[in-house]
Protein chains: 2
Amino acid sequence: MLIVVAYDISVKDQKGAKRLARVAKICSRYGQRVQNSVFECLIDQLTFVKLKTELTKVIVEKTDSLRFYNLGDHYKNKVTHIGTKEVLDLTDALIF
Amino acid sequence: MLIVVAYDISVKDQKGAKRLARVAKICSRYGQRVQNSVFECLIDQLTFVKLKTELTKVIVEKTDSLRFYNLGDHYKNKVTHIGTKEVLDLTDALIF
């Protein structure tokens with residue numbers, strides 16, 4: 001299933017900048033960055049729980065925000081992109 | 001249906017900062033801001049086309065990115081929020 005992760009990390013202090021980098025690093029292990037603070041992850045339910053748990057341990061809930069959007073297995077016509085950084089479709093056949 | 005709008009606007013120059021403000025202003029006429037550059041819009045198909053058209057006229061496709069995620073009509077259990085700025089559910093009954 002496709003999970004979209006969007007995050008806002010308060011970077012008012014240096015700790016915030018570290019949290020921002022750690023959140024991005026964690027997300028990059030699970031999926032593909034599509035915008036500065038938006039990742040798309042093709043993962044199953046169990047992996048989704050692991051991702052949420054890892055991210056929740058890093059953020060400060062009082063100042064930071066995580067939003068997850070579950071687009072399910074049939075997501076291709078649910079995502080529209082306009083502009084720069086078109087995203088590689090990881091499920092497309094690789095032609096050699 | 002719930003449409004999530006996520007955008008990355010290049011603010012390398014003053015024009016970019018203006019575009020960023022205009023994109024946010026347009027989105028706020030269609031929905032609710034949930035993060036710095038993420039809005040959630042409860043709109044129908046026709047309005048969605050109008051929103052995309054308006055935003056596409058403002059951005060510079062070479063440097064800016066717009067992503068739309070269509071979560072359909074049954075979206076409540078598809079959205080998970082952790083952290084600050086819990087979002088008002090506009091469809092919930094208002095209790096006076």
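Chain letters run A, B, ... following the sequence lines, proteins first, then strands; residues in each count from 1. Because only heavy atoms are used, hydrogens play no part in the values below, and waters and symmetry mates are left out as well, while side chains stay in.
Top candidate by heavy-atom pairs under 4.5 Å with chain A, chosen from B/Ile3, B/Thr56, B/Val4, is B/Val4.
Side-chain contact check for B/Ile59 versus A/Ile82: some heavy-atom pair is nearer than 4.5 Å.
With rounding to the nearest 0.5 Å, the separation of OG in A/Ser28 from CZ in A/Arg33 is 8.0 Å. Note that CZ of B/Arg19 and CD1 of B/Ile26 are 12.0 Å apart. Values are rounded to the nearest 0.5 Å.
Within the 4.5 angstrom heavy-atom criterion, atoms from both the backbone and the side chain of B/Asn36 approach chain A. Residue contact with chain A, scored on non-hydrogen atoms closer than 4.5 Å, involves the backbone and the side chain of B/Val79 alike.
No side-chain donor from either of B/Tyr75 and B/Glu40 sits under 3.5 Å from a side-chain acceptor of the other.
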